[in-house]
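Below you'll find the structure, written out as structure tokens, and then a few comments.
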Amino acid sequence: MALITIDGVSRTFEDSKRKQTVIALDNVSLKVERNEFLCLLGPSGCGKSTLLNMIAGFDKPSAGTVSVGGSVVTQPGADRGVVFQQANLMPWLPVWENVAFHLKMRGIAKAERRERAQRYIAMVGLKGFENHFPSELSGGMNQRVGIARALLMNPEVILMDEPFGALDEQTKMDMHTELIRIWRESRSTIVFVTHGIDESLALGTHVAVMSARPGRIRELIPIDLERPRDPTGAAFNDYKRHILALLRPETVTETA
């Protein structure tokens, strides 16, 4: 059985100002197996983040169902960790306390919180920065803190909403390498939202290419490339041309 099942999901929003219904997602069906790394790829406004939010339990479908581990998602849960576009760290807390904050909310003693946080701080490559504050770290390092915080919850699924969008290209490439290492080590299942073709091909075991709004799945593509992946290689660029061909008609339609 698939770990995540999206079955006939549609999502509509009522635009009261314009007195019209906006269809964000239209009859989306998708399955994600355990330990897969699925990239949701599509143009801005196609419903990628909406779909991610429904897996997270922050939003609900207007039609259809989203299930994780065989149970229909009705609310957020500890089986799903979320990494947002911005790390959303608490600036008054050092790295280790940001990572372990939800343990504090559960009343876990300080020594145990610190010990448990340390494993994930090391996993994301921040050993030695435990007592630094967010303002003392780079953007990429703050995102690592956000990933460590999600991992500490030991979720089956990690949901990532364009977490590297604000980073420069060199830092982004470094983060791709680190994320693949973390994914392999943690053995989590990742759903990663992006609008970057190269990013999706650098990371994903599968890429779900979405249409412009209303969002639909145009094709689910298994990516059979060895790691580390060479963006200048022939096979990589064959996938890229195929994805561009899927996206191009949507672009033409929008600009016509």
Side-chain angles (χ1 to χ4, degrees), residues 4-32 37-66 68 73 76 80 82-88 139 143 146 157-169 172 175-176 179 190-204 206-221 223 239-256:
I4 303 171
T5 301
I6 299 163
D7 186 12
V9 163
S10 296
R11 183 68 171 97
T12 58
F13 297 92
E14 296 301 323
D15 185 342
S16 57
K17 183 177 181 181
R18 296 169 180 80
K19 297 182 179 179
Q20 63 183 17
T21 300
V22 176
I23 304 173
L25 293 168
D26 183 25
N27 195 28
V28 172
S29 293
L30 195 61
K31 292 187 177 182
V32 186
F37 194 130
L38 173 70
C39 289
L40 294 174
L41 171 69
S44 297
C46 74
K48 303 184 297 294
S49 294
T50 299
L51 189 56
L52 196 81
N53 285 336
M54 287 193 285
I55 301 171
F58 300 148
D59 196 3
K60 294 181 179 180
S62 303
T65 58
V66 176
V68 175
V73 173
R80 286 151 284 143
V82 183
V83 180
F84 299 97
Q85 292 181 23
Q86 302 295 328
N88 293 327
Q143 284 297 62
V157 178
I158 298 177
L159 306 168
M160 309 185 79
D161 190 359
E162 297 192 66
F164 308 143
L167 304 181
D168 63 84
E169 285 304 310
K172 187 181 295 186
M175 288 302 300
H176 289 167
L179 181 56
I190 294 181
V191 181
F192 186 103
V193 165
T194 179
H195 60 263
I197 298 175
D198 283 12
E199 182 166 64
S200 70
L201 291 173
L203 295 173
H206 296 73
V207 176
V209 181
M210 297 182 67
S211 67
R213 194 172 65 217
R216 302 181 180 95
I217 303 297
R218 301 207 68 192
E219 188 175 341
L220 176 62
I221 307 170
I223 307 300
Y239 279 113
K240 187 172 181 177
R241 279 188 289 271
H242 179 64
I243 292 172
L244 281 168
L246 291 171
L247 294 174
R248 190 170 289 118
E250 300 295 321
T251 305
V252 171
T253 299
E254 287 184 351
T255 58

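Heavy atoms only: backbone and side chains are in, while hydrogens, waters and symmetry mates are out.
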Set of salt bridge (charged side-chain N to carboxylate O under 4.0 Å, His left out) partners for [X], sequence neighbours left out:
X: Asp161; answer: none
X: Glu169; answer: Lys172
X: Lys60; answer: none

Sequence neighbours left out, what passes side chain to side chain contact (heavy atoms under 4.5 Å, CB included) with [X]? Give chain and number order.
X: Ser29; result: Asp7
X: Phe84; result: Phe58, Val82, Asn88
X: Ser10; result: Asp26, Asn27, Ala63
X: Ala208; result: Leu30, Leu38, Leu40, Ile217, Leu220

Original post:
Out of curiosity, Arg216 CZ to Ile23 CD1, how far, rounded to the nearest 0.5 Å?
Top reply: 7.5 Å
Subject >> Side-chain donor or acceptor of Arg80 paired with backbone N/O of Leu159 under 3.5 Å >> reply: no
**OP:** Could you name each residue pair satisfying salt bridge (Lys or Arg N to Asp or Glu O under 4.0 Å) that touches residues 42-52, not counting sequence neighbours?
**Re:** none
Original post:
Is any side-chain heavy atom of Val191 less than 4.5 Å from a side-chain heavy atom of Leu51?
Top reply: no
For [X], check side chain to side chain donor-acceptor pair (under 3.5 Å) against everything at least two apart and list the hits.
X: Ser200; result: none
X: Gln85; result: none
X: Glu162; result: His195
X: Thr12; result: Ser62

